[in-house]
2 protein chains.
Amino acid sequence: MARVLLIEDDPNVRDALTLALKGRDHEVESATSGEEGLERLARFAADVVVLDLMLPGIDGFEVCRRIRATTSTSIVMLSARGDDFDVVGGLEAGADDYVVKPVRPQVLEARIRAVLRRADGVPSPVETYGTLCLDRASLTVSRGGRQVALPPMELRLLLHLSASPGQVFSRQQLLESVWEHDYLGDSRLVDACVQRLRAKIEDVPAEPRYVQTVRGFGYRFGPV
Amino acid sequence: MARVLLIEDDPNVRDALTLALKGRDHEVESATSGEEGLERLARFAADVVVLDLMLPGIDGFEVCRRIRATTSTSIVMLSARGDDFDVVGGLEAGADDYVVKPVRPQVLEARIRAVLRRADGVPSPVETYGTLCLDRASLTVSRGGRQVALPPMELRLLLHLSASPGQVFSRQQLLESVWEHDYLGDSRLVDACVQRLRAKIEDVPAEPRYVQTVRGFGYRFGPV
DNA sequence: CGCGCCATGTCATGAACGTGTAATAGCTTC
DNA sequence: GAAGCTATTACACGTTCATGACATGGCGCG
């Protein structure tokens, strides 16, 4: 299907994803550090690079920048749950998309496909979930064809949640990765933001379809 | 469709673009250095040359001049983001158009087509967005038929933004790629330039149609 | 050599908007 | 029915952006 270069230092994740992607008919090469990845990319004409953020030596952002400096290869970033990674950082480094670990293979593959379609110029650089459309390049969101304007925090929250559909994020995790807050303390801030977001993107805010509450845990982006 | 000679030393970019262009029914030959490119051009009757700026040995500008010295083959320049590439310099060397890397295949193909049309004498070397017309060859901009004079920085900003319509650029990114500044620090410089640009190209500067603010993120070239 | 124009970068001000907090109401579960 | 969790709304503060004035510096022209 596609030629994938996986840059990931954790051998477990590496093996798991390699296996999963190969099982879906992709050709996979892997590297364990940024340096090795860049070197390997020079020989392996990858269609897409799957890049972990936390790497020994030069980090993912830097690797991303260096790849971008020379090639147009698509890049999907992998971010660990605790990393304070957000949309702006990824955008600036030049990533095409990002996924939050733990990542399920089918989600990763969907992202790879989306990214490749985009790179091929198919006029669907958007992700569509039901009546909701997300365009990570132009940072626009539309519902049922009509564009909805989202303030920065709501947009970041939505992009973060939708980066891993189905995965549950606790309020604390969201505070860290979306808000970049580091204090521990309970706050209804996330709730408030979720409400405002729902009011704009849900057809029936009272029965949310996209941003779902997982009672006792946090929120999740659906539909799976 | 067309016969393309690609001169590019980075194997990744070369392979990626070769593949993409072949997929669009172009005949593609490639070379890894300026010397090889010139030699190959003598045998391969290319309609258009896609030329990387940073090459081992003689650089892209020089290659461009030498091609121009003997043939009228169209030339599209490829420039990496970090290169201190000046639009004016490129066009003075005789390039017909230029694209900033990372380049998406569809963008490159659009440029190739435009360049070829131009070479065929079709008078449509301009991109039109609503009432705004950009001519990357003559570096002129006109609004509603009347030409507007843009100072260098404003022109570069506009060309950069419009090279990827819809894509959101942060102020930091713009400082790096348009101004070639490398310091980190917040500056309202971009804002000011956007402001002056809007005053010249927007019909209603207070409700910008072409250079849009994305609050909390940066700017984007519309129209959506 | 000196003058003046124009482009560029910096700064101050004000307005618009988004955000966080808190208070209250509603719902779920045991 | 009570306790715990979540939804909803209102309001005030802070941030961000637009706007225009000002200083600097380069360039051409006299």
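Note on naming: letters A, B, ... go to the chains in the order of the sequence lines (proteins, then strands), and numbering restarts at 1 for each one. Computed from a predicted structure; not experimentally measured.
- For the pair A:Arg188 and D:dA7, the criterion of a side-chain N or O lying under 4.0 Å from OP1 or OP2 is not met.
- To the nearest 0.5 angstrom, B:Ser33 atom OG is 11.5 Å from B:Asp52 atom CG.
- Summary of helix geometry: the two end axes of the helix from C:dC1-D:dG30 to C:dC30-D:dG1, each defined by five base pairs via their C1' atoms, are inclined to each other by 30° (rounded to 10°).
- Straight-line distance from the CZ atom of A:Arg156 to the C1' atom of D:dT16: 14 Å, rounded to whole Å.
- Below 30°, between 30° and 60°, or above 60°: for A:Tyr129 and A:Phe221 the angle between ring planes is above 60°, a perpendicular geometry.
- The two residues B:Lys200 and B:Ala149 make their nearest non-hydrogen contact at CD-O, 4.1 Å.
- In this model, the phosphate group of D:dC5 is not approached by any side-chain N or O of A:Tyr219 to a distance below 4.0 Å at OP1 or OP2.
- Rounded to the nearest 0.5 angstrom, B:Tyr210 OH and B:Ser162 OG are separated by 12.0 Å.
- As rounded to whole Å, 13 Å separates atom P of C:dT29 from atom CZ of A:Phe217.
- Neither OP1 nor OP2 of D:dA18 sits under 4.0 Å from any side-chain N or O of B:Gln195.
- Going from atom CD of A:Glu207 over to atom P of C:dC27 covers 12 Å, rounded to whole Å.
- The distance from atom CZ of B:Arg171 to atom C1' of C:dG9 is 16 Å, rounded to the nearest whole Å.
- In this structure, the separation between CD1 on A:Ile67 and CD1 on A:Ile7 is 5.0 Å, given to the nearest 0.5 Å.
- A search for side-chain contact (heavy atoms from CB on, under 4.5 Å) contacts involving A:Ala20 returns A:Arg24, A:Pro105, not counting sequence neighbours.
- The nearest whole Å value for the distance from the CG atom in A:Leu197 to the P atom in D:dT8 is 13 Å.
- Of the N and O atoms on the side chains of A:Ser74 and A:Arg111, not one donor lies less than 3.5 Å from an acceptor on the other residue.
- Distances shorter than 4.0 Å separate some side-chain N or O of B:Thr213 from OP1 or OP2 on D:dA18.
- Atoms CG (B:Asp191) and P (C:dA12) sit 15 Å apart, rounded to a whole Å.
- The pair A:Arg65-B:Glu176 does not count as a salt bridge, with every side-chain nitrogen at least 4.0 angstrom from each carboxylate oxygen.
- Classification of A:Arg171 and A:Asp191 as a salt-bridged pair holds, one side-chain N sitting under 4.0 Å from a carboxylate O.
- If you measure from atom CG of A:Leu155 to atom P of D:dT16, you get 16 Å, rounded to the nearest angstrom.
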Expected string for nucleotides 13-20 of chain C under the B/S/- scheme (protein heavy atoms, under 4.0 Å, primed atoms plus P, OP1, OP2 as sugar-phosphate) is ---BBSSB

